[in-house]
Amino acid sequence: MNLKNTQLFESHAPVVLVTGAARRIGAAIALCLHQAGYRVVIHCHQSRAAADQLAAELNQKRPTSALVIQADLLQASEVDGVIEQVIDWSGSLHGLVNNASLFERTDLQNQTFIAMSRGLNTPTSRGLNTSTSRGLSAGSSNAQSPLAPTGKPREFVAGIAVTRFQKLLQVNVLAPWQLSLNARPWLEKTQGCIVNMTDIHAEKPLKQYAEYCQSKAALWMQTKALAREFAPLIRVNAVAPGAIAWPEGDNALSETMKTKLLAETPLKRHGEPRFIAEAVLSLFNNEFMTGQVLRVDGGRSII
Ligand SMILES: NC(=O)c1ccc[n+]([C@@H]2O[C@H](COP(=O)([O-])OP(=O)(O)OC[C@H]3O[C@@H](n4cnc5c(N)ncnc54)[C@H](OP(=O)(O)O)[C@@H]3O)[C@@H](O)[C@H]2O)c1
């Protein structure tokens, strides 16, 4: 096939947007869908270089088959521009994979609630913790924290905690919501499909990640709700991965934790990003599935 024909073929190929697709699971999804014949829009935020490199590799295989869009999903105004940019490039949209995600620890041991910092119904006001606290009074900014079980004073970080929770909800719930609503008219034209990336811990909470788990549970419900709202023209499904790509940075697990986690997995092994990509592709292909969540977790969710 000469270059002109290849470009003609590409301009008819279906188009999919994958958020957070520069690295890890998102990159595997983009690669897999590209291999299946899709033109791929690789969304990224901080991993621009990795996204450009992936797009270059895909465009080398088939010219004009990949595009990079950079947007911070924390900013609603930037989320709005994403579908517009996809349409400017391709004129159509057949699939959306809401894969980008924030994964942050919530340390409840050393935190307390905003109500407590305002002196409302506090343990001290109920006569608890009197030996460990000088007490909290309504509106008092100097009130000392009761001790956490660790013996350290609990921090009154309600403002920070609310901000972190809001960020998790923005990236993991509101951005997919906004993208899905913005994509709707385009997906209706192509009878397209949405796949959301949730987590097996949306059903069984992961200790120390209470806010993250709540956000993924909301995305699970969003999947089912939009499947009803968008039927019959658009199908909406989700994938719930188990242990696929080990968390990085502050969330990194010790070797002991990793071993324990794999021991608790019936298939006694770690997953790979391609297993998730294959699940996404199967949801794209199966025209009689909507409102479903595929658990891809080596059996972890059944124990
Ligand atoms: N890894 C696992 O084993 C596992 C297990 C259960 C569920 N999941 C789910 O599967 C999906 C992929 O997992 P993963 O581990 O590959 O994800 P990840 O590495 O934690 O995050 C994927 C991407 O999300 C993007 N992102 C984060 N904040 C953003 C923001 N403010 N604006 C725009 N993009 C933002 C980042 O893009 P940039 O790098 O470009 O900034 C990041 O590369 C996620 O939805 C995750 O919750 C994964």
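Both ligands and their constituent atoms are indexed starting at 1 by order of listing.
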Go through ligand 1 atom by atom and flag the ones less than 4.0 Å from a non-hydrogen atom of [X].
X    : value
L74  : 31 (N)
C44  : 40 (O)
V171 : 31 (N)
D72  : 30 (C), 31 (N), 32 (N)
H43  : 33 (C), 34 (N)
A71  : 32 (N), 33 (C)

Protein contact to [atom] [nearest heavy atom, distance to 0.1 Å]:
atom                    : value
atom 8 (N) of ligand 1  : P241 CG, 3.7 Å
atom 15 (O) of ligand 1 : R24 NH2, 2.8 Å
atom 32 (N) of ligand 1 : L73 N, 2.8 Å
atom 40 (O) of ligand 1 : H45 N, 2.7 Å
atom 11 (C) of ligand 1 : N99 OD1, 3.2 Å
atom 6 (C) of ligand 1  : D199 OD2, 3.0 Å
atom 27 (C) of ligand 1 : S101 O, 3.3 Å
atom 3 (O) of ligand 1  : I244 N, 2.8 Å

Start with the C-alpha distance between E229 and R184, add both sets of side-chain angles, then the distance that settles salt bridge (Lys or Arg N to Asp or Glu O under 4.0 Å), and finish with yes or no. CA-CA 10 Å; E229 298 287 342; R184 183 181 190 176; 5.7 Å; no
Shortest non-hydrogen contact from A30 toward V18: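 Residues A30 and V18, closest heavy atoms: CA-CG2, 4.4 Å.
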Where's the contact between N172 and ligand 1, heavy-atom distance under 4.0 Å: side chain, backbone, both or neither? neither
With heavy atoms under 4.0 Å as the rule, classify the contact between H201 and ligand 1 as side chain, backbone, both or neither.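 Neither part.
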Quick one: do L33 and V16 satisfy side chain to side chain contact (heavy atoms under 4.5 Å, CB included)? Show the steps, please. CA-CA 8 Å; L33 294 175; V16 62; 3.8 Å; yes
May I ask you to decide if the ring planes of F103 and Y212 are parallel, tilted or perpendicular, using 30° and 60° as cut-offs? perpendicular
Does an N or O from A245, backbone or side chain, lie closer than 3.5 Å to an N or O of ligand 1?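 Looking only at distances, the answer is yes, because the N/O contact criterion of under 3.5 Å is met.
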Give yes or no for whether the N/O distance cutoff of 3.5 Å, strictly under, is met between A100 and ligand 1. no
Below 4.5 Å, heavy atoms only, C-beta onward: do L73 and H45 meet side chain to side chain?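 Contact flag for L73/H45 side chains = no.
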Side chains of Q222 and V173: does their closest heavy-atom pair fall under 4.5 Å? yes
Judged on heavy-atom distance to atom 4 (C) of ligand 1, which of A28, G242, A243 sits nearest?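 Looking at heavy atoms only, G242 sits closest to atom 4 (C) of ligand 1.
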Counting only heavy atoms not in R228, do more than 12 fall under 6.0 Å of its CZ? no
Has E272 got more than 12 heavy atoms of other residues, nucleotides or ligands less than 6.0 Å from its CD? yes
Under 3.5 Å donor-acceptor, S215 side chain and L169 backbone: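 Between the backbone of L169 and the side chain of S215 there is no qualifying donor-acceptor contact (under 3.5 Å).
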Can a donor-acceptor pair be found, under 3.5 Å and without considering hydrogens, that links the side chain of R39 to the backbone of L67?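 A pair under 3.5 Å: no.
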Out of curiosity, is [X] lining ligand 1, as in a heavy atom under 4.0 Å away?
X    : value
T198 : yes
E78  : no
W246 : no

E211 vs K167, salt bridge (Lys or Arg N to Asp or Glu O under 4.0 Å): CA-CA, chis, key distance, verdict: CA-CA 10 Å; E211 294 166 340; K167 279 166 65 183; over 6 Å; no
Any protein heavy atom nearer than 4.0 Å to atom 36 (C) of ligand 1: no
Using protein heavy atoms only, decide if any is under 4.0 Å from atom 42 (C) of ligand 1.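 Within 4.0 Å of atom 42 (C) of ligand 1, no protein heavy atoms are found.
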Charged N to carboxylate O under 4.0 angstrom, E248 versus R23? yes
Test: E264 and R300 ion pair at under 4.0 Å: yes
After noting the C-alpha distance and the side-chain angles of D297 and S301, does the key distance pass the side-chain hydrogen bond (donor to acceptor under 3.5 Å, both in side chains) rule? CA-CA 7 Å; D297 63 353; S301 53; 2.6 Å; yes
